[in-house]
Structures are given as structure tokens and as C-alpha cells.
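This report refers to the structure that appears directly beneath it.
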Amino acid sequence: MHCASTLAGVIAMQQSDASFHASMTIIGQALTPYIVGNILTDTQSHFDTVSLTFHHLHQQFGDDVVVVKGNVLDEDTSILKSLLGALSETFNVDIGVQQSQPSLSEGGLLVMDMDSTVIGIECIDEIAKLADVGQEVADVTEKAMRGEIAFNESLHHRVACLKGVPVEHLRQIRDSLPIMPGIQGLLSELKKHNWKLAIASGGFTYFADHLKRRLELDYATSNTLVIENGLLTGKVEGEVVNADVKAETVKQLALKWNISDTQTVAMGDGANDLVMMATSALGVACHGKPVVNERADVAIRVGSLHSLLYFLDK
């Protein structure tokens with residue numbers, strides 16, 4: 001039960017041609033019959049298991065990925081989502097239940113948040129640290145991420161604190177951006193299948209445009225910091241890229257590239273990403289705040305960004 005190598009034998013005995021309307025995906029390192037069995041037992045009041053199989057990308061990126069085919073028993077899935085979160089923590093795995101899935105092999109659109117999603121920092125907080133206003137700005141950032149204050153208000157307040165910061169500070173941060181683990185594998189696999197890739201960020205063009213070039217993305221939109229004489233003025237130019245603009249970006253890009261609504265995916269970590277997640281066929285929380293994990297279709301709590309691929313059909 002605790003030997004990972006015996007899982008394949010268990011999966012082989014759990015095949016069935018019975019109909020199903022949902023899939024539960026379990027992702028982890030060295031999954032065992034004990035882990036999978038406990039998850040199935042603990043969710044049986046909410047998810048009726050029909051059969052087990054391996055995901056078509058099982059072990060290709062170093063992860064074990066089990067797909068449990070079955071049926072969701074509750075019309076309201078909030079209890080099941082909460083249970084999956086607890087089980088994820090208990091067994092240090094990622095688990096998601098879906099009643100429909102975009103297809104990897106059909107061209108699609110992935111729109112990603114930038115800060116704390118594509119990169120492992122909040123750029124505005126890093127700028128603030130160099131300007132000695134780090135704690136003040138970080139506190140406002142945290143409240144905005146949790147959805148406690150309006151994003152536009154929080155952005156203008158935080159950017160005002162950066163007045164007089166030299167552009168050189170931005171370059172220092174840009175040159176050392178920590179790219180999130182798994183992003184290259186995720187983007188590479190999606191590009192093989194002709195997916196369009198974009199960033200829609202409440203952060204800043206200085207970093208988003210750089211990442212667009214570095215990662216060879218198709219599109220990026222974010223906020224523009226006003227700079228005069230090599231210094232930040234404490235103001236943002238043009239329309240603020242907030243939750244509604246992010247959602248509209250998903251719609252407009254899908255229309256521009258003639259991508260079906262069923263093939264759109266949005267990924268982020270903060271409350272500002274929830275509207276674009278709801279707009280997309282699949283909303284993926286990436287190491288998100290609790291409110292985001294609860295409301296997203298699926299959540300990556302443990303694994304790297306390439307884990308998103310496991311929530312796609314062939």
C-alpha cells in the first residue's frame with residue numbers, strides 16, 4: 001500500500017467502460033495505493049468513482065498523475081472543493097475535480113497573471129523595499145490580494161509611495177526576476193499544440209513586456225508607470241489593468257485569434273484574477289490566496305506551474 005511501484009497494478013484493475021461525467025485528477029510525487037485509496041474513500045460521499053487511469057502526461061514531467069473518472073454527487077461543489085483542499089494538505093498532493101476540460105491538442109488560449117504567478121515576487125513590493133517604503137506598500141498589496149480593498153484604489157496608493165524612485169531600481173529587479181518553477185515546461189508543451197500565451201497583469205509594463213520577450217509570449221498587458229527625468233512620478237498612465245480589464249483581455253484575445261470559449265484558460269493567485277478565471281473555461285489558482293483556491297475551478301497548491309497541463313484533456 002505504501003509502495004509507489006505497485007500503483008500501476010492497482011490502476012490496471014480499476015478499468016471500466018461505464019459512463020462518467022467528471023474527472024478527479026490527483027497529482028504528486030511517488031503516489032501510492034494508500035494515498036489514492038484514502039482520497040477516494042474520503043471523497044466518496046461527494047464523488048462516485050467509476051474507474052481509474054493514468055493521465056496521458058503521467059511521469060513525462062516527473063509527476064505521477066492519476067485520473068479518477070466518475071460523477072459529482074452534489075450540485076453545490078463547495079463542500080467537495082473544501083475537502084479537496086484539506087486532502088491536498090494532508091497528503092501533499094494536488095487534486096482537482098472537473099466536469100469539463102479544455103483539450104491540449106486543440107489550439108487554445110492561456111492568460112496568466114504575472115506577479116506571484118509567472119514570477120515569484122510582487123514587483124511593486126520589491127520596488128518599495130528599495131525605496132524604504134516596503135512594509136507600507138506590502139500591507140496594501142496583501143489586502144488587495146485578499147480582495148479586502150478595491151484594486152484601483154490600492155494600486156494608486158502604492159504607486160504614489162514610489163514617487164522619486166530611480167528607474168535603475170526597476171532594472172535591478174528585472175535582471176533578477178525569479179521565474180516560477182515549471183513555467184518553461186508548461187509554455188513549451190502548449191506551444192507544441194499551437195496555444196496562444198499571454199500575460200494580463202495588474203503589475204507594470206517594465207516587467208511584463210520583458211517577460212513577453214524572454215518567454216516568447218504572444219501578448220502582454222499591464223500598467224505603465226510614468227517616468228520623468230529617470231525617476232518615477234508616483235503615477236500610472238492610462239487605464240488601470242484591473243480584474244475587469246483582465247477578464248475582457250481573455251474575451252478579446254479569444255475573439256482575435258478565433259479560439260473557442262471552451263479552450264480558454266486563466267491562471268493567477270490573487271482576488272484580482274477571479275473575474276478572468278470565471279470568464280474562462282478553466283480557472284486555475286496557482287499557489288493562491290484561500291479565497292482564490294476556493295473559487296477557482298482547480299488549484300495548484302503543491303506542484304509547479306506545469307501541473308496545469310494535467311487539468312487538460314488529450
Side-chain angles (χ1 to χ4, degrees), residues 22-23 25 27 53-63 65 67 69 94 96 98-115 117-119 177 179-201 203 205 207-222 241 245-269 273 275-287 296-300 303-314:
S23 298
T25 305
I27 308 159
T53 187
F54 285 119
H55 190 275
H56 66 280
L57 294 176
H58 170 68
Q59 294 189 345
Q60 288 194 28
F61 292 89
D63 306 297
V65 190
V67 178
K69 298 176 181 179
D94 284 317
Q98 299 166 265
Q99 299 190 61
S100 63
Q101 293 178 303
S103 171
L104 175 61
S105 58
E106 180 183 341
L109 168 67
L110 170 62
V111 179
M112 304 171 286
D113 176 44
M114 178 176 68
D115 296 79
T117 299
V118 174
I119 55 177
L177 286 177
I179 306 295
M180 288 289 266
I183 186 68
Q184 199 163 10
L186 169 64
L187 300 182
S188 177
E189 189 68 21
L190 291 176
K191 287 175 184 178
K192 288 180 188 176
H193 297 279
N194 300 314
W195 278 58
K196 295 292 186 179
L197 310 170
I199 283 176
S201 171
T205 53
F207 307 104
D209 291 350
H210 167 75
L211 287 167
K212 176 178 178 289
R213 292 189 296 270
R214 184 172 175 180
L215 299 174
E216 299 183 70
L217 307 178
D218 299 289
Y219 182 85
T221 185
S222 54
V241 179
V245 172
K246 287 186 172 190
E248 187 62 25
T249 298
V250 175
K251 294 177 183 177
Q252 292 302 318
L253 291 181
L255 186 64
K256 174 183 177 180
W257 289 317
N258 195 30
I259 294 169
S260 168
D261 291 343
T262 61
Q263 285 292 110
T264 56
V265 180
M267 176 170 65
D269 70 302
D273 302 310
V275 183
M276 76 169 178
M277 288 183 186
T279 300
S280 304
L282 175 62
V284 182
C286 177
H287 301 283
D297 296 313
V298 294
I300 299 170
S304 300
L305 266 63
H306 71 262
S307 296
L308 183 152
L309 295 166
Y310 306 138
F311 297 114
L312 304 178
D313 202 356
K314 280 187 179 180

Once rounded to the nearest 0.5 Å, what's the spacing between atom CG of Leu312 and atom OG1 of Thr25? 9.5 Å
Given side chains that start at C-beta, do those of Gln98 and Asp297 come closer than 4.5 Å, heavy atoms only? no
What's the shortest heavy-atom distance between Ser280 and Thr264, and which atoms? CA-OG1, 3.4 Å
Polar side-chain atom of Asp218 near backbone of Leu197 as donor-acceptor pair, under 3.5 Å: yes
Exercise: identify the closest heavy-atom pair between Ser307 and Ile27: O-CD1, 4.2 Å
Please give me the minimum heavy-atom distance between Met114 and Gly203, naming the atom from each residue. CE-CA, 4.2 Å
Out of curiosity, Ile119 CD1 to Arg214 CZ, how far, rounded to the nearest 0.5 Å? 10.0 Å
Going by heavy atoms in the side chains, are Gln263 and Trp195 under 4.5 Å from each other? yes
Do Thr221 and Gln252 have side chains that approach each other closer than 4.5 Å (heavy atoms only, starting at C-beta)? no
Give the C-alpha distance, both sets of side-chain angles, the deciding distance and a yes or no for side-chain contact (heavy atoms from CB on, under 4.5 Å) between Val241 and Ser201. CA-CA 7 Å; Val241 179; Ser201 171; 5.9 Å; no
Would you say Ser260's side chain and Thr262's backbone share a donor-acceptor pair under 3.5 angstrom? yes
Any side-chain heavy atom of Leu104 within less than 4.5 Å of one from Leu309? yes
Taking all non-hydrogen atoms of both residues into account, name the closest pair between Phe311 and Gln101 and its distance. O-NE2, 3.5 Å
Under 3.5 Å donor-acceptor, His287 side chain and Ala299 backbone: no
Spatial distance of atom CD1 (Ile183) from atom OG1 (Thr117) [nearest 0.5 Å]: 9.0 Å
Interatomic spacing from OH in Tyr219 to NZ in Lys256 - rounded to 0.5 Å: 7.0 Å
Verdict with reasoning, Leu186 to Met180, per side-chain contact (heavy atoms from CB on, under 4.5 Å): CA-CA 11 Å; Leu186 169 64; Met180 288 289 266; over 6 Å; no
Parallel, tilted or perpendicular for Tyr310 and His306, by the 30°/60° rule? perpendicular
If you take all heavy atoms of Pro102 and Val265, which pair is closest and at what distance? CG-CG2, 4.0 Å
Closest heavy-atom pair and its distance - Leu253, Val111: CD1-CG2, 4.4 Å
Can you tell me if Gln60 has over 12 outside heavy atoms packed within less than 6.0 Å of its CD? yes
Looking at side-chain heavy atoms only, is the closest gap between Lys246 and Asp273 below 4.5 Å? yes
Side-chain heavy atoms of Leu305 within contact of Cys286, under 4.5 Å: yes
Leu308 CG to Asp94 CG distance, which is reported to the nearest 0.5 Å: 11.0 Å
Find out whether Lys69 and Thr53 are in side-chain contact, i.e. whether some heavy atom of one side chain is under 4.5 Å from a heavy atom of the other. yes
Applying side-chain contact (heavy atoms from CB on, under 4.5 Å) to Val65 and Leu57, what does each step give before you reach the verdict? CA-CA 7 Å; Val65 190; Leu57 294 176; 5.9 Å; no
Within this structure, what is the CG-OG1 distance for the pair Asp261 and Thr279, rounded to the nearest 0.5 Å? 10.0 Å
Is any side-chain heavy atom of Glu216 less than 4.5 Å from a side-chain heavy atom of Lys191? yes
